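Naming: A, B, ... by sequence-line order, numbering from 1 per chain. Remember, it's a predicted structure, so these values are computed and weren't measured experimentally.
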Protein chains: 2
Amino acid sequence: MLQRPDPFNAQCPTRRVLDRIGDKWAVLILILLEQETLRFNELRRRIDSISQKMLSQTLKSLERDGLISRRAFATVPVTVEYALTPLGRTLAGTVAELTRWAEEHIGEVEDAQRRYDRGEVAA
Amino acid sequence: MLQRPDPFNAQCPTRRVLDRIGDKWAVLILILLEQETLRFNELRRRIDSISQKMLSQTLKSLERDGLISRRAFATVPVTVEYALTPLGRTLAGTVAELTRWAEEHIGEVEDAQRRYDRGEVAA
DNA sequence: CAGGATCCGAGTCGATACTG
DNA sequence: CAGTATCGACTCGGATCCTG
(Lines give C-alpha, C1' and ligand atoms only; values in the text may rest on other atoms or scores of the structure.)
Protein backbone atom coordinates (compact mmCIF):
# COMPACT_ATOMS: atom_id res chain seq x y z
CA MET A 1 0.00 0.00 0.00
CA LEU A 2 3.00 2.21 0.35
CA GLN A 3 6.33 2.48 -1.40
CA ARG A 4 8.49 3.24 1.63
CA PRO A 5 9.13 0.68 4.39
CA ASP A 6 5.70 1.82 5.55
CA PRO A 7 5.42 3.20 9.05
CA PHE A 8 1.74 2.39 8.72
CA ASN A 9 -0.23 -0.73 9.13
CA ALA A 10 2.08 -2.54 11.51
CA GLN A 11 4.81 -2.92 14.08
CA CYS A 12 7.22 -2.16 11.30
CA PRO A 13 10.69 -1.37 12.62
CA THR A 14 10.59 2.19 11.38
CA ARG A 15 7.55 2.77 13.46
CA ARG A 16 9.39 1.47 16.47
CA VAL A 17 12.11 4.02 15.97
CA LEU A 18 9.51 6.74 15.72
CA ASP A 19 7.94 5.60 18.94
CA ARG A 20 11.33 5.75 20.55
CA ILE A 21 11.64 9.38 19.55
CA GLY A 22 8.14 9.97 20.71
CA ASP A 23 9.39 9.13 24.15
CA LYS A 24 9.68 12.39 26.01
CA TRP A 25 12.39 11.24 28.41
CA ALA A 26 14.46 9.54 25.75
CA VAL A 27 14.72 12.73 23.76
CA LEU A 28 15.75 14.77 26.76
CA ILE A 29 18.42 12.26 27.68
CA LEU A 30 19.81 12.27 24.17
CA ILE A 31 20.02 16.04 24.22
CA LEU A 32 21.85 16.08 27.53
CA LEU A 33 24.28 13.34 26.62
CA GLU A 34 25.06 15.02 23.36
CA GLN A 35 26.90 17.67 25.32
CA GLU A 36 28.64 15.52 27.90
CA THR A 37 28.90 12.16 29.55
CA LEU A 38 26.81 12.01 32.70
CA ARG A 39 26.26 9.78 35.70
CA PHE A 40 22.92 8.42 36.78
CA ASN A 41 22.16 10.92 39.47
CA GLU A 42 23.54 13.76 37.43
CA LEU A 43 20.99 12.99 34.76
CA ARG A 44 18.36 12.79 37.42
CA ARG A 45 19.19 16.24 38.71
CA ARG A 46 19.28 17.75 35.25
CA ILE A 47 15.92 16.49 34.21
CA ASP A 48 14.54 17.15 37.62
CA SER A 49 10.96 16.05 37.06
CA ILE A 50 11.85 12.52 36.03
CA SER A 51 11.33 9.70 38.47
CA GLN A 52 14.16 7.31 39.15
CA LYS A 53 12.08 4.52 37.73
CA MET A 54 11.54 6.19 34.39
CA LEU A 55 15.16 7.23 34.22
CA SER A 56 16.59 3.77 34.69
CA GLN A 57 13.94 2.31 32.45
CA THR A 58 14.61 4.79 29.68
CA LEU A 59 18.37 4.42 29.99
CA LYS A 60 18.04 0.70 29.69
CA SER A 61 16.05 0.80 26.51
CA LEU A 62 18.31 3.43 24.97
CA GLU A 63 21.23 1.17 25.75
CA ARG A 64 19.41 -1.76 24.25
CA ASP A 65 18.86 0.21 21.07
CA GLY A 66 22.58 0.90 20.88
CA LEU A 67 22.07 4.64 21.27
CA ILE A 68 23.89 5.10 24.55
CA SER A 69 26.62 3.17 26.32
CA ARG A 70 26.89 2.35 29.99
CA ARG A 71 30.20 2.11 31.82
CA ALA A 72 30.38 1.07 35.47
CA PHE A 73 33.42 1.77 37.66
CA ALA A 74 34.08 -0.27 40.78
CA THR A 75 34.67 2.75 42.96
CA VAL A 76 33.62 2.84 46.59
CA PRO A 77 30.09 3.80 45.95
CA VAL A 78 29.60 2.61 42.43
CA THR A 79 29.99 5.07 39.59
CA VAL A 80 28.18 4.64 36.30
CA GLU A 81 28.67 6.82 33.28
CA TYR A 82 26.33 7.15 30.37
CA ALA A 83 27.43 8.46 27.00
CA LEU A 84 26.15 8.60 23.46
CA THR A 85 27.34 5.98 21.04
CA PRO A 86 28.24 7.10 17.52
CA LEU A 87 24.84 5.83 16.43
CA GLY A 88 23.15 7.79 19.18
CA ARG A 89 25.07 10.84 18.16
CA THR A 90 23.65 10.78 14.66
CA LEU A 91 20.15 10.50 16.07
CA ALA A 92 20.75 13.32 18.51
CA GLY A 93 21.71 15.50 15.60
CA THR A 94 18.49 14.75 13.80
CA VAL A 95 16.46 15.34 16.90
CA ALA A 96 18.14 18.69 17.30
CA GLU A 97 16.51 19.71 14.02
CA LEU A 98 13.18 19.11 15.65
CA THR A 99 13.88 21.15 18.73
CA ARG A 100 15.10 23.90 16.44
CA TRP A 101 11.79 23.76 14.60
CA ALA A 102 9.99 23.94 17.91
CA GLU A 103 11.90 26.98 19.02
CA GLU A 104 11.38 28.77 15.75
CA HIS A 105 7.71 28.07 15.34
CA ILE A 106 6.36 27.82 18.84
CA GLY A 107 5.04 31.35 18.52
CA GLU A 108 2.96 30.53 15.49
CA VAL A 109 1.61 27.41 17.15
CA GLU A 110 0.54 29.32 20.22
CA ASP A 111 -1.13 31.99 18.10
CA ALA A 112 -3.05 29.31 16.28
CA GLN A 113 -4.14 27.78 19.54
CA ARG A 114 -5.43 31.06 20.87
CA ARG A 115 -7.34 31.70 17.67
CA TYR A 116 -8.81 28.22 17.75
CA ASP A 117 -9.84 28.55 21.36
CA ARG A 118 -11.55 31.80 20.55
CA GLY A 119 -13.75 29.90 18.12
CA GLU A 120 -12.18 31.04 14.88
CA VAL A 121 -11.81 28.44 12.16
CA ALA A 122 -8.93 30.21 10.43
CA ALA A 123 -8.42 29.93 6.68
CA MET B 1 19.91 26.15 34.38
CA LEU B 2 20.01 26.01 30.64
CA GLN B 3 20.78 28.44 27.86
CA ARG B 4 18.12 27.33 25.40
CA PRO B 5 14.38 27.84 26.03
CA ASP B 6 14.81 24.70 28.12
CA PRO B 7 12.72 21.70 27.20
CA PHE B 8 13.47 20.52 30.72
CA ASN B 9 12.02 21.35 34.04
CA ALA B 10 8.54 22.33 32.92
CA GLN B 11 5.55 22.56 30.60
CA CYS B 12 7.69 24.84 28.51
CA PRO B 13 6.18 25.38 25.06
CA THR B 14 9.03 23.69 23.28
CA ARG B 15 8.34 20.58 25.27
CA ARG B 16 4.74 20.70 24.17
CA VAL B 17 5.82 20.71 20.55
CA LEU B 18 8.05 17.74 21.21
CA ASP B 19 5.18 15.89 22.81
CA ARG B 20 3.12 16.62 19.75
CA ILE B 21 5.72 14.97 17.59
CA GLY B 22 5.91 12.16 20.03
CA ASP B 23 2.34 11.41 19.12
CA LYS B 24 2.41 8.40 16.85
CA TRP B 25 -0.82 9.20 15.03
CA ALA B 26 -0.03 12.85 14.55
CA VAL B 27 3.18 12.00 12.75
CA LEU B 28 1.48 9.54 10.44
CA ILE B 29 -1.20 12.04 9.56
CA LEU B 30 1.37 14.71 8.77
CA ILE B 31 3.19 12.33 6.47
CA LEU B 32 0.02 11.41 4.61
CA LEU B 33 -1.24 14.94 4.25
CA GLU B 34 2.12 16.07 2.98
CA GLN B 35 1.40 14.20 -0.20
CA GLU B 36 -2.24 15.08 -0.70
CA THR B 37 -5.39 16.48 0.82
CA LEU B 38 -7.54 13.76 2.31
CA ARG B 39 -11.01 13.27 3.72
CA PHE B 40 -11.79 11.82 7.10
CA ASN B 41 -12.53 8.30 6.04
CA GLU B 42 -9.75 8.30 3.52
CA LEU B 43 -7.32 8.97 6.31
CA ARG B 44 -8.97 6.26 8.32
CA ARG B 45 -8.47 3.73 5.56
CA ARG B 46 -4.86 4.71 4.97
CA ILE B 47 -3.81 4.38 8.56
CA ASP B 48 -5.95 1.34 8.96
CA SER B 49 -5.17 0.53 12.56
CA ILE B 50 -6.35 3.86 13.92
CA SER B 51 -9.68 4.08 15.66
CA GLN B 52 -12.16 6.73 14.67
CA LYS B 53 -11.85 8.25 18.10
CA MET B 54 -8.11 8.73 17.92
CA LEU B 55 -8.34 10.03 14.38
CA SER B 56 -10.84 12.74 15.13
CA GLN B 57 -9.08 13.58 18.35
CA THR B 58 -5.70 13.87 16.68
CA LEU B 59 -7.07 15.86 13.77
CA LYS B 60 -8.66 18.28 16.16
CA SER B 61 -5.49 18.98 18.05
CA LEU B 62 -3.44 19.27 14.89
CA GLU B 63 -5.95 21.81 13.68
CA ARG B 64 -5.75 23.65 16.97
CA ASP B 65 -2.00 23.83 16.62
CA GLY B 66 -2.39 25.39 13.20
CA LEU B 67 -0.69 22.47 11.49
CA ILE B 68 -3.61 21.30 9.39
CA SER B 69 -6.74 22.98 8.07
CA ARG B 70 -10.25 21.61 7.95
CA ARG B 71 -12.71 22.47 5.20
CA ALA B 72 -16.28 21.22 5.28
CA PHE B 73 -18.49 21.09 2.18
CA ALA B 74 -22.26 21.05 2.49
CA THR B 75 -22.67 18.17 0.08
CA VAL B 76 -25.34 15.57 0.54
CA PRO B 77 -23.49 13.45 2.97
CA VAL B 78 -21.05 15.95 4.38
CA THR B 79 -17.56 16.11 2.95
CA VAL B 80 -14.60 17.27 5.00
CA GLU B 81 -11.14 17.79 3.66
CA TYR B 82 -7.97 17.99 5.68
CA ALA B 83 -4.80 19.57 4.36
CA LEU B 84 -1.49 20.76 5.69
CA THR B 85 -1.10 24.43 6.41
CA PRO B 86 2.16 26.11 5.41
CA LEU B 87 3.23 25.79 9.01
CA GLY B 88 2.37 22.13 9.04
CA ARG B 89 4.31 21.67 5.86
CA THR B 90 7.51 22.92 7.42
CA LEU B 91 7.05 20.52 10.30
CA ALA B 92 6.35 17.62 7.98
CA GLY B 93 9.63 18.31 6.28
CA THR B 94 11.50 18.15 9.52
CA VAL B 95 9.74 15.00 10.55
CA ALA B 96 10.73 13.44 7.26
CA GLU B 97 14.35 13.77 8.35
CA LEU B 98 13.52 11.56 11.27
CA THR B 99 11.86 8.86 9.24
CA ARG B 100 14.85 8.97 6.95
CA TRP B 101 17.11 8.39 9.94
CA ALA B 102 14.91 5.51 10.99
CA GLU B 103 15.08 3.89 7.59
CA GLU B 104 18.82 4.28 7.35
CA HIS B 105 19.70 3.09 10.83
CA ILE B 106 17.03 0.61 11.72
CA GLY B 107 19.43 -2.19 10.89
CA GLU B 108 22.01 -1.00 13.37
CA VAL B 109 19.38 -0.59 16.05
CA GLU B 110 18.10 -4.11 15.56
CA ASP B 111 21.60 -5.50 15.65
CA ALA B 112 22.22 -3.71 18.92
CA GLN B 113 19.02 -5.10 20.34
CA ARG B 114 19.94 -8.63 19.45
CA ARG B 115 23.36 -8.23 20.99
CA TYR B 116 21.87 -6.74 24.12
CA ASP B 117 19.33 -9.50 24.45
CA ARG B 118 22.10 -12.05 24.13
CA GLY B 119 23.64 -10.53 27.23
CA GLU B 120 26.50 -8.67 25.62
CA VAL B 121 27.29 -5.27 27.03
CA ALA B 122 28.90 -3.96 23.86
CA ALA B 123 31.69 -1.39 23.97
C1' DC C 1 -19.87 10.71 5.62
C1' DA C 2 -17.99 12.83 9.65
C1' DG C 3 -17.99 12.77 14.05
C1' DG C 4 -19.73 12.93 19.44
C1' DA C 5 -20.51 10.21 23.94
C1' DT C 6 -19.76 6.45 26.90
C1' DC C 7 -17.80 2.52 28.94
C1' DC C 8 -14.03 -0.01 30.35
C1' DG C 9 -9.66 -2.85 30.23
C1' DA C 10 -4.58 -2.53 29.69
C1' DG C 11 -0.75 -0.25 30.22
C1' DT C 12 1.94 3.77 32.22
C1' DC C 13 3.87 6.31 35.71
C1' DG C 14 5.00 8.00 40.28
C1' DA C 15 5.80 7.04 45.15
C1' DT C 16 7.77 4.17 48.33
C1' DA C 17 10.80 0.82 50.23
C1' DC C 18 14.73 -1.99 49.86
C1' DT C 19 19.65 -3.78 47.99
C1' DG C 20 24.69 -4.30 46.53
C1' DC D 1 25.65 5.81 44.26
C1' DA D 2 22.92 3.23 41.19
C1' DG D 3 19.71 0.87 40.82
C1' DT D 4 15.34 -3.17 41.55
C1' DA D 5 10.57 -4.52 43.17
C1' DT D 6 6.00 -3.62 44.35
C1' DC D 7 1.60 -1.30 44.41
C1' DG D 8 -1.95 1.83 43.43
C1' DA D 9 -3.67 6.00 40.81
C1' DC D 10 -4.48 7.56 36.60
C1' DT D 11 -4.66 7.83 31.61
C1' DC D 12 -4.97 6.26 27.10
C1' DG D 13 -7.05 4.15 23.63
C1' DG D 14 -10.28 0.71 21.48
C1' DA D 15 -15.03 -0.88 20.94
C1' DT D 16 -19.61 0.30 20.65
C1' DC D 17 -23.65 3.01 19.96
C1' DC D 18 -25.69 7.16 18.28
C1' DT D 19 -26.53 11.75 15.43
C1' DG D 20 -26.73 15.57 11.79
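Between the side chain of Gln52(B) and the base of dG4(C), a donor-acceptor pair under 3.5 Å is found.
The closest side-chain donor-acceptor pair between Thr94(A) and Arg100(B), if any, does not fall under 3.5 angstrom.
For the pair Arg114(A) and Asp111(A), the salt-bridge criterion is met [side-chain N within less than 4.0 Å of a carboxylate O]. Under 4.0 Å is where a charged nitrogen must lie from a carboxylate oxygen, and between Asp65(A) and Arg20(A) at least one such pair does.
dG3(C) atom P lies 14 Å from atom CZ of Arg71(B), rounded to whole Å. dA2(C) atom P lies 15 Å from atom CD of Glu63(B), rounded to whole Å. Rounding to whole angstrom units, CG of residue Leu43(B) and C1' of dA2(C) are separated by 12 Å. Whole-Å rounding puts the Leu55(B) CG to dC12(D) P distance at 18 Å. The distance from atom CG of Asn41(A) to atom P of dA2(D) is 5 Å, rounded to the nearest whole Å. Here dC13(C) presents its C1' atom at 12 Å from CG of Asp23(A), a figure rounded to the nearest Å. Whole-Å rounding puts the Phe40(B) CZ to dG3(C) P distance at 5 Å. Between the P atom of dA2(D) and the CZ atom of Arg39(A) lies a distance of 5 Å, rounded to the nearest Å.
Distances shorter than 4.0 Å separate some side-chain N or O of Tyr82(A) from OP1 or OP2 on dG3(D). For Arg44(A), no side-chain nitrogen or oxygen approaches OP1 or OP2 of dA2(D) to under 4.0 Å. Under 4.0 angstrom from either OP1 or OP2 of dG14(C) there lies at least one side-chain N or O belonging to Ser51(A). Applying the 4.0 Å criterion to OP1 and OP2 of dG3(D), one finds that Lys60(A) has every side-chain N and O outside that range. Ser56(B) has a side-chain polar atom (N or O) that falls below the 4.0 Å cut-off from OP1 or OP2 of dG4(C).
No donor-acceptor pair under 3.5 Å is formed between the side chain of Thr37(B) and the backbone N or O of Leu33(B). Side chain of Thr85(B) to main chain of Leu67(B): a donor-acceptor pair is present (N/O by atom type, distance under 3.5 Å, no hydrogens or angles). Side chain of Glu42(A) to main chain of Arg39(A): a donor-acceptor pair is present (N/O by atom type, distance under 3.5 Å, no hydrogens or angles). Not one N or O on the side chain of Thr79(B) forms a donor-acceptor pair closer than 3.5 Å with the backbone of Thr75(B).
Mapping Leu59(A) and Ile50(B) onto DNA chain D via the closest heavy atom, the residue that lands nearer the 5' end is Leu59(A). Along DNA chain C, the nucleotide nearest to Glu42(B) and the one nearest to Gln57(A) differ in position, and the one closer to the 5' end is contacted by Glu42(B).
Distances were taken from every side-chain heavy atom of Val80(B) (C-beta onward) to each of dA2(C), dA15(D), dG3(D); the shortest belongs to dA2(C). Between dC1(D), dC1(C), dG14(D), one nucleotide has an atom nearer to the side chain of Trp25(B) than all others, and that is dG14(D). The side chain of Val78(B) has dG20(D) as its nearest neighbour among dG20(D), dG3(C), dG14(D). Checking dG14(C), dC1(C), dG3(C) against every side-chain atom of Met54(A), the shortest atom distance belongs to dG14(C).
Axis angle between the ends of the helix from dC1(C)-dG20(D) to dG20(C)-dC1(D), five pairs each and rounded to 10 degrees, works out to 50°.
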| Can you check side-chain contact (heavy atoms from CB on, under 4.5 Å) on Arg71(B) and Val80(B), steps first, answer last? | CA-CA 6 Å; Arg71(B) 292 187 20 179; Val80(B) 180; over 6 Å; no

